Amino acid sequence: MDCTGKVVYMDNNATTRIAPEVLEAMLPYLTEYYGNPSSMHTFGGQVGRAVETARAQVAELLGAEPSEIIFTSCGTESDSTAILSALQTFPEKRHVIKTKVEHPAVKSLCENLDTLLGHKHRITRLGVESDGTLNLDSYKAALADDTAVVSAMWANNETGVLFPVEEMAVMAKERGILFHSDAVQAVGKVPINMKKNQIDFLSLSGHKLHAPKGIGVLYVRKKTPFVTFLHGGHQEKGRRGGTENVASIVGLGKACELAGQMMAEENTRVRALRDKLEQGLLAAVPKAILNGHAELRLPNTSNISFEYVEGEAILLHMNRHNICASSGSACTSGSLEPSHVLRAMGVPFTAAHGSIRFSLSIYNTEDEVNFVLAKMPGIIAGLRAMSPFWER
Amino acid sequence: MWEYTDKVQEHFINPKNVGELDKPSGTGEVGSLACGDALKLTIQVDELGIITDAKFKTFGCASAIASSSVLTEIIKGMSIEDAAKLTNQQIADALGGLPKEKMHCSVMGREALEAAIADYRGVILPMAQGNVVCECFGVTDLEIIRAIRESNLRSVEDITNFTKAGGGCGKCEDRLRELLQQTVQAMAAEKATKPTAQRLTTLQKIKKIEDVIEREILPTLKKDGGGIELIDVDGDIVTVSLRGACSRCQSSLTTLKDYVEKKLREQVAETLIVEEAR
């Protein structure tokens, strides 16, 4: 089947489509069930029960207790809440450990901690290997007596590379250090069971797993000390003020239920599609390099550098065929430097500027992969023909 | 996503004059792989000093490719003397404009043309003789001062948009601010010593400003539910207060500088600086 004229969406690490089942579950809460979950009347009460059902659905996917689930507005809010909570729990500890490849939600927060909390902090930014993996020896060496919290992502958004966060959490807990993981990219793609690990805080975001934008979750382990970030009413047992975003919460619950059912497909069919796309591109395009560890990564993500061409130009040509993806190139970000993730991995500039991230979902088809495989070599060859560095 | 004009899209999708001339009269190479964009321009010049042919090879984003392509179209048939006077603004204008953050692509075009002309003439460009200010992108103080003067830059952000300087690690920010201040002051001093064609009395100036605001600026702002009031005129400093929708608008600074100040400079005096009443 030809995909001409239809959108071929391979940018699911940026955001995903809302699953039809999710939308269906949400609609009643945007129409007739508009009550406030906190109200005393039955009309509001039934909405409150829907929120609790969603909480149980999220907990089920994470192997958590429903009481450990706090609904937030997004992954960024969850990250901020967790890290600030940990630092306020141990105000005398002023050391934070994170990796150099964290999402801006964590990266930027850590850069602003001194202003936010009114005193100096020491931030250790752990480097990564050239394949994007983490060296546990340097992590262990960084753990100190004044470390309040460690924040490490479960899976990297740009390369999909997985960090051994469960192992890292054990090492932190031995030293009495709280552990946070931004699992926004990992939830629904790789199995997570909070009963079998020691992670204190875990962030997730609805729109990365086929729920709407504007809804997130912070998992907080039972007995982990918690300091509220958003003060207000008694919602979320006083841990997060603000009237619940009911429809989105219901949608996220449904999306988590679906993700549990789809996990196997994600790791078989989607992985096979990703592999076909990746191997096809690496074979068809000379000087194409895979960024990130080939095995230790998400089943849906492939980050490929096309040397001597620039990412924005590639994306715009792909866009003409309605193929959606992302790039770590400087020109796409508004900044002038290529992706901090690829730079931390030591990817040479010849390759970093020409990196393209394909991120698939269960909605992708083999036809779409074939379509992209048919279009990409011509796009790259065309741009290389006008590059002054090609064939030098 | 960037808002590119149809002209940019057109030159990006179907670039003109891609390649390298066999035996060029002049070659200009600027940028590098590390910088994220680079351009190699080759020109053919006949015995009368006319550019008869031009070809380019570009590594870079859509606006870099489009700037290079349109540049070759502009200079073909031009005399070397005229080509030497080409500004980056003319390149950007030929594309129907570029996003602010992409203006450096047009600057790269002009730099490559200058380098090619210098190569043809067998001279060395003075720009390369300055001191490097931005280590990340290898931008010299002479290049920065020139951009400030030519494009009337007024902030460090402007400098980054036009020259890329300061867009990397950001360590040179203080130095950029210093260069900006010095250059702006120097420009003001030069202006002051120049006899102005029609010196306005303060009263005339205020009347003219009021007139332009009433006649042109206010009606435009009103269309968006906004308004403006003249508060004070002190020398060249015009203090205004934005009203209605403008007072709450995120982009009120842009309105003030890009629209109000521009209009007043065009119609009253080039030296005016518009500020918002605090």
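Letters go in sequence order (proteins before strands), and every chain restarts at 1. From a predicted model like this one, the values you see are computed outputs, not experimental measurements.
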Where does B/P15 contact chain A at under 4.5 Å (heavy atoms): side chain, backbone, both or neither?
side chain

Part of A/R384 within contact of chain B (heavy atom distance under 4.5 Å):
neither

For A/E312 and B/G60, indicate whether the former's side chain and the latter's backbone hold a donor-acceptor pair under 3.5 Å.
no

Using atom types as modelled, flag every donor-acceptor pair under 3.5 Å from a side chain in residues 109-117 of chain A to any protein atom, sequence neighbours excluded.
from: A/N112; atom 1: ND2; to: A/S108; atom 2: O; distance (Å): 2.8
from: A/D114; atom 1: OD1; to: A/H121; atom 2: N; distance (Å): 2.9
from: A/D114; atom 1: OD1; to: A/H121; atom 2: ND1; distance (Å): 2.9

Counting only heavy atoms not in B/K16, do more than 12 fall under 6.0 Å of its NZ?
yes

Quick check: are there more than 12 heavy atoms from other residues, nucleotides or ligands sitting under 6.0 Å from CD of B/E178?
yes

Within a radius of less than 6.0 Å around CZ of B/R149, do more than 12 heavy atoms belonging to other residues, nucleotides or ligands occur?
yes

Looking only at heavy atoms, the pair that brings A/A385 and B/K57 closest together is O-CE, 3.5 Å

Aromatic ring pairing B/F59/A/F389, orientation class (parallel under 30°, perpendicular over 60°, tilted between)
perpendicular

How far does SG of B/C61 sit from CG of A/L315, to the nearest 0.5 angstrom?
11.5 Å

Given a strict heavy-atom distance threshold of 4.5 Å, which part of B/S32 is in contact with chain A: side chain, backbone, both, or neither?
backbone

Non-neighbouring partners of B/L86 that pass side chain to side chain contact (heavy atoms under 4.5 Å, CB included), sequence neighbours left out:
B/L71, B/I74, B/I75, B/M78, B/Q90, B/I91, B/L113

Test log, rule side-chain contact (heavy atoms from CB on, under 4.5 Å), inputs A/L383 and B/I65
CA-CA 10 Å; A/L383 287 169; B/I65 292 170; 3.8 Å; yes

Using every non-hydrogen atom in the two residues, find where A/M386 and B/V18 come nearest and quote the distance to one decimal.
CB-CG1, 3.4 Å

Tell me whether the count of non-hydrogen atoms from other residues, nucleotides or ligands lying under 6.0 Å of NZ in B/K76 goes above 12.
yes

Nearest-0.5 Å distance that lies between atom NE2 in A/H353 and atom CG in B/D37:
8.0 Å

Which heavy atom of B/G36 sits nearest to which heavy atom of A/E310, and what is that distance?
O-CG, 3.8 Å

